Amino acid sequence: MSTLFLRTLREDPVDAELPGHRLLVRAGYIRRVAPGIYSWLPLGMRVLAKVEGIIREEMDRIGSQEVRFPALLPREPYEATGRWTEYGPNLFRLKDRKDSDLLLGPTHEEMFCLAVKDLYSSYKDLPLALYQIQQKYRDEARPRAGILRGREFIMKDSYSFDVDQAGLQKAYDAHREAYVRIFNRLGFEYVIVHADSGAMGGSASEEFLAINANGEDTFVRDEHGYAANVEAVEVPQAKPVQVTVGPAHVEDTPDTPTIDTLVAALNANHPRVDGRSWTSADTLKNVIVMLVQPDGTREPLAIGLPGDREVDPKRLEVKVAPATVEPFEEKDFAANPALAKGYIGPGVLGESRASGIRYLLDPSIADGSAWVTGADEHGKHVLDLVHGRDFTADGTIQAAEIRDGDISPDGNGTLTLARGIEMGHIFQLGTKYAEALGLKVLDEHGKLVTVTMGSYGVGVTRAVGVVAEDNHDELGLAWPREVAPADVHVVATGKDPAVFVKADEIVRSLVEQGIDVIYDDRPKVSPGVKFKDSELIGVPTIVVVGKGLASGVVEIKDRRSGDRREVPVEAIIDAVVTEVNGS
RNA sequence: CGGGCUGUGGCGUAGUUUGGUAGCGCGCUUCGUUUGGGACGAAGAGAUCGCAGGUUCAAAUCCUGUCAGCCCGACCA
């Protein structure tokens with residue numbers, strides 16, 4: 001350590017929020033250079049190399065082959081797949097001196113596709129799986145949480161190439177198994193959830209989420225092992241129910257533009273015949289949003305859902321992708337006179353009705369159920385309006401919020417919400433990119449078939465961040481052995497030169513045994529500083545060569561448990577080897 | 001993009017209200033002492049106080065503008 005490029009900080013960096021991130025900076029693993037952009041120092045590089053090593057081993061094991069594509073890419077392939085525009089402002093774009101458009105790759109589907117197209121043209125060449133570990137660039141609106149969400153980050157992305165769905169399924173299953181092995185080795189808690197492949201296109205899709213309260217993804221679980229990203233939860237279509245109310249009737253409900261004011265007015269002026277009080281769940285709320293297509297086309301969309309639920313913007317966005325969602329504004333209301341703001345009802349909604357706005361219902365709205373909803377006139381609502389009898393919609397949409405306690409999609413469980421960080425995503429991409437870029441091979445009948453692809457990603461730098469978040473205590477980091485920057489941290493302390501001579505010898509022997517060592521040989525640094533640093537850095541095994549040497553012992557300490565014991569100096573190598581191989 | 005906050009040696013900060021020699025802790029250098037839990041003493045190096053303009057005899061401090069960063073939200077594979 002006397003020559004290691006490292007400076008630990010005694011105080012917390014002011015710009016780091018999460019504990020793991022703070023410790024990575026304090027312990028000298030990473031340094032922030034700009035928002036969402038980090039430098040990796042020697043200790044950080046060691047951890048990064050360990051994580052990459054695990055990923056390489058597991059990818060190689062399933063026969064995937066490593067390649068490396070540039071981070072700096074030309075515009076044309078991304079133009080061909082539509083992503084130059086579809087990716088929007090999150091794409092880093094730049095120009096060269098000839099004014100040609102370039103981009104910094106946010107993912108590399110295009111490059112993989114073109115590389116295979118370049119070299120392969122027969123079904124005999126397939127199946128094929130390729131991967132790379134590469135810097136990716138996304139101009140995040142707001143980078144945060146240190147390396148958990150940066151603008152530059154390292155990702156392992158791989159792609160499988162097959163001639164048919166059966167082959168794709170096989171490749172997908174192989175990757176799934178590889179990912180389970182990778183994440184089991186990395187040392188953090190995770191869950192595999194059903195996901196929505198969203199804007200990337202494709203079908204079968206699962207995410208590996210690190211379970212973390214600071215995560216940006218919300219997922220649900222039930223007691224029978226069902227787990228899904230909240231975006232991917234499919235609320236089942238409610239079964240038809242018997243109509244139990246009389247004809248629909250319009251009532252005066254002045255000054256009730258919100259659900260709360262409506263419910264209050266109903267209970268005050270229009271009590272139910274059966275004596276139950278009205279709740280927001282008895283009302284049908286109609287929310288209008290503006291969809292904006294990548295080409296700028298704007299189209300309104302109306303969503304009908306029970307009044308006690310909100311539209312979940314994330315769920316909505318993945319359903320309407322690649323369009324984005326913007327609020328429906330005053331001027332939009334003004335442009336559509338059929339809409340009475342605050343009193344909008346199914347009477348005017350729908351492609352064939354007065355507003356002409358496409359109208360989609362939440363699947364929980366059962367055929368035959370009765371609702372209170374807007375009468376499309378200021379100050380009036382309609383009661384006992386029955387779905388199927390009195391109104392219909394253009395379809396359904398899975399956009400309502402999911403809540404703790406909701407019923408599982410299979411009807412047999414209760415959902416619990418939790419937060420996670422997306423660490424890996426595997427999905428069956430299908431032919432979207434192969435189609436766009438013309439990746440076809442001849443099959444055994446001499447016919448051209450479009451190659452079907454799978455896409456599989458792991459956030460590498462993000463994984464380092466998550467491991468740090470999950471493996472620390474008040475003293476510092478406490479790495480799992482598989483990703484620790486070293487196997488053992490040897491501290492030499494004392495003024496007796498014999499200590500350093502002996503420590504040098506121990507370190508040499510350990511290295512000969514193939515053990516990675518960090519050696520604190522700094523002279524004139526007080527023992528307290530060395531101990532604090534060893535705990536902050538977080539190598540799993542710490543060996544202290546110090547005052548015990550006079551009586552022929554050195555100390556071996558477990559970073560995680562804090563357990564320490566004295567070992568005769570001549571037995572220390574064996575003790576460390578056992579420790580390294582055992583835990 | 002909206003809201004809040006902050007820019008002062010490498011790091012953490014005081015000073016700004018009320019204009020007057022830029023201070024402290026950590027870190028760094030040298031010498032000496034110290035060596036099992038972030039040691040002690042002495043002597044040092046290191047800052048155009050984010051930037052630009054203005055007011056003033058005088059600006060870290062007041063005014064105007066601008067840039068950057070952090071946090072919350074929107075957004076986000």
Side-chain angles (χ1 to χ4, degrees), chain A residues 6-18 21-22 25-26 28 31-37 83 86-91 105-109 136-146 148-151 153 155-157 195-202 205 207-209 215-217 229 231 313-314 316-318 321-322 324-327 421-427 429 455-459 462 475-476 491-497 499-500 520 522-536 542 544-550 553-555 557 562 564 566:
Chain A
L6 170 72
R7 178 111 306 141
T8 57
L9 308 177
R10 186 182 293 212
E11 290 170 276
D12 273 332
V14 72
D15 59 350
E17 200 61 17
L18 300 180
H21 177 213
R22 273 204 295 267
V25 176
R26 264 192 67 200
R31 298 291 297 170
R32 196 190 70 99
V33 170
I37 303 177
R83 293 212 295 172
E86 274 181 29
Y87 222 91
N90 271 19
L91 189 65
T107 64
H108 285 74
E109 282 81 356
K136 308 282 177 181
Y137 297 86
R138 295 184 195 172
D139 192 0
E140 296 284 351
R142 189 184 156 209
R144 69 180 88 181
L148 289 185
R149 178 160 153 213
R151 293 192 292 174
F153 55 98
M155 183 170 163
K156 187 286 298 180
D157 54 330
D196 189 292
S197 40
M200 304 297 289
S205 171
E207 282 173 346
F208 290 70
L209 299 181
E216 301 176 303
D217 282 287
N229 190 303
E231 293 166 7
K314 288 188 178 183
L316 176 59
E317 292 254 3
V318 299
T324 56
V325 177
E326 288 184 8
I421 299 168
E422 183 180 348
M423 297 308 308
H425 194 170
I426 55 177
F427 65 100
L429 195 52
S455 166
Y456 319 93
V458 174
R462 179 177 278 187
L475 296 173
V491 172
T493 179
K495 60 179 172 183
D496 184 354
V499 163
F500 288 87
D520 194 345
R522 293 175 295 179
K524 301 195 173 185
V525 172
S526 74
V529 171
K530 294 187 174 186
F531 295 145
K532 290 286 185 197
D533 274 350
S534 70
E535 283 146 359
L536 181 60
I542 298 165
V544 181
V545 183
K547 68 175 184 191
L549 194 62
V553 296
V554 296
E555 186 176 286
K557 191 161 72 170
R564 50 171 94 179
E566 293 192 325

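Quick note on labels: first sequence line is chain A, next is B, and so on, each numbered from 1. All values derive from a computational prediction rather than experimental measurement.
Counting to the nearest Å, the P atom of B/G32 and the NZ atom of A/K524 are 7 Å from each other. We find that CZ of A/R22 is positioned 16 Å from P of B/C70, with the value rounded to whole Å. The distance between atom CZ of A/R138 and atom P of B/C76, rounded to the nearest whole Å, is 12 Å. The separation between A/L18 atom CG and B/C71 atom P is 9 Å, rounded to whole Å. Here the C1' atom of nucleotide B/A77 and the CG atom of A/L429 are 13 Å apart, to the nearest Å. Atom CD of A/E109 and atom P of B/A77 are 13 Å apart (whole Å). In this structure, A/Y87 places its OH atom 17 Å from P of B/C75, rounding to the nearest Å. Atom CG of A/D520 and atom P of B/U35 are 18 Å apart (whole Å).
Residue A/R462 has no polar side-chain atom (N or O) positioned under 4.0 Å from OP1 or OP2 of B/A77. Contact between the side-chain N/O atoms of A/K532 and the OP1/OP2 oxygens of B/G38 is not found at any separation under 4.0 Å.
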Give the C-alpha distance, both sets of side-chain angles, the deciding distance and a yes or no for salt bridge (Lys or Arg N to Asp or Glu O under 4.0 Å) between A/D157 and A/K136. CA-CA 10 Å; A/D157 54 330; A/K136 308 282 177 181; 2.9 Å; yes
Test A/E535 against A/K557 for salt bridge (Lys or Arg N to Asp or Glu O under 4.0 Å), laying out the working first. CA-CA 10 Å; A/E535 283 146 359; A/K557 191 161 72 170; 3.4 Å; yes
Checking A/R462 against A/E422 for the salt bridge (Lys or Arg N to Asp or Glu O under 4.0 Å) test, could you report, in this order, the C-alpha distance in whole Å, the side-chain angles of both residues, the deciding distance, and whether it holds? CA-CA 9 Å; A/R462 179 177 278 187; A/E422 183 180 348; 5.1 Å; no
Evaluation steps, salt bridge (Lys or Arg N to Asp or Glu O under 4.0 Å), between A/R564 and A/E555: CA-CA 7 Å; A/R564 50 171 94 179; A/E555 186 176 286; 3.8 Å; yes
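Nearest nucleotide to the side chain of A/P527, out of B/U35, B/G27, B/C76: B/U35. Counting only heavy atoms from C-beta on, A/R32 has its side chain closest to B/C70 among B/A77, B/G36, B/C70. Counting only heavy atoms from C-beta on, A/R7 has its side chain closest to B/C28 among B/C28, B/G38, B/C70. Across B/G69, B/G37, B/A77, the shortest atom-to-atom separation from the side chain of A/E535 is found for B/G37.
Shown here, B/G19 forms no base pair; nothing in the strands shown gives a Watson-Crick or G-U wobble contact with both key distances under 3.5 Å. Across every strand in view, B/A45 sits unpaired, with no contact that passes the Watson-Crick or G-U test at under 3.5 angstrom. When Watson-Crick and G-U wobble pairs are counted only if both distances are under 3.5 Å, B/G73 pairs with B/C1. Of the nucleotides present, B/G54 is the one that pairs with B/C62 by Watson-Crick or G-U wobble criteria, both distances under 3.5 Å. For B/G27, there is no paired nucleotide, since no Watson-Crick or G-U wobble pair has both relevant distances below 3.5 Å. The partner of B/U33 is B/A39, by the rule that a Watson-Crick or G-U pair needs both atom distances under 3.5 Å.
Across all strands shown, A/D496 has no heavy atoms under 4.0 Å from either base or sugar-phosphate atoms. In this structure, A/G548 reaches the bases: a heavy-atom distance under 4.0 Å links it to at least one base atom across the strands shown. Within the nucleic acid shown, A/R564 comes within 4.0 Å of at least one base atom, counting heavy atoms only. As judged by a 4.0 angstrom heavy-atom cut-off over every strand, A/E317 is placed among residues touching the sugar-phosphate backbone only. Note on A/P35: only backbone sugar-phosphate atoms sit closer than 4.0 angstrom, heavy atoms only; bases stay farther off.
Remark: the backbone N or O of A/P143 is not paired with any side-chain donor or acceptor of A/R149 at under 3.5 angstrom.
Here, B/G3 and B/G46 have their P atoms 44 Å apart, quoted to the whole Å. B/C11 sits 16 Å from B/G69 when the P atoms are compared, rounded to a whole Å. Taking the C1' atom of each, B/G12 and B/G38 are spaced 15 Å apart, rounded to whole Å. The separation of B/C5 from B/G27, taken at their C1' atoms, amounts to 28 Å, rounded to a whole angstrom. Taking atom P on both B/A59 and B/G20, the two are 11 Å apart, rounded to the nearest angstrom. B/A14 and B/C24: their P atoms are spaced 15 Å apart (whole Å). Atom name C1', nucleotides B/A58 and B/A42: the rounded distance is 37 Å, in whole Å. Remark: the separation of the C1' atoms in B/G7 and B/G15 is 15 Å, to the nearest Å.
Once rounded to the nearest 0.5 Å, the distance linking CD1 of A/I421 with CG of A/L209 reads 9.0 Å. For the atom pair CG of A/L429 and OH of A/Y456, the computed distance is 9.0 Å after rounding to the nearest 0.5 Å. The line from OH of A/Y137 to CD1 of A/I37 is 8.5 Å long, rounded to the nearest 0.5 Å.
Annotation: of the two residues near RNA chain B, A/F531 and A/E216, the 5′-most nearest-nucleotide partner is A/F531. Nearest-nucleotide positions on RNA chain B place A/T8 closer to the 5' end than the other of A/T8 and A/G36.
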Using atom names, set out every protein N or O paired with an N or O of nucleotides 40-46 of chain B below 3.5 Å, distance rounded to 0.1 Å.
none

Output one line per pair: protein atom, nucleotide atom from nucleotides 3-13 of chain B, and distance, for all N/O pairs under 3.5 Å.
unit_1 : atom_1 : unit_2 : atom_2 : d
B/G12  : O2'    : A/E11  : OE2    : 3.2

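For A/T107 and A/R138, the side-chain atoms include no donor-acceptor pair closer than 3.5 Å.
A donor N or O paired with an acceptor N or O is found under 3.5 Å between the base of B/G37 and the side-chain atoms of A/K557.
Applying the side chain to side chain donor-acceptor pair (under 3.5 Å) rule to A/D520 yields the partners A/R522; only residues at least two apart in sequence or on another chain are considered.
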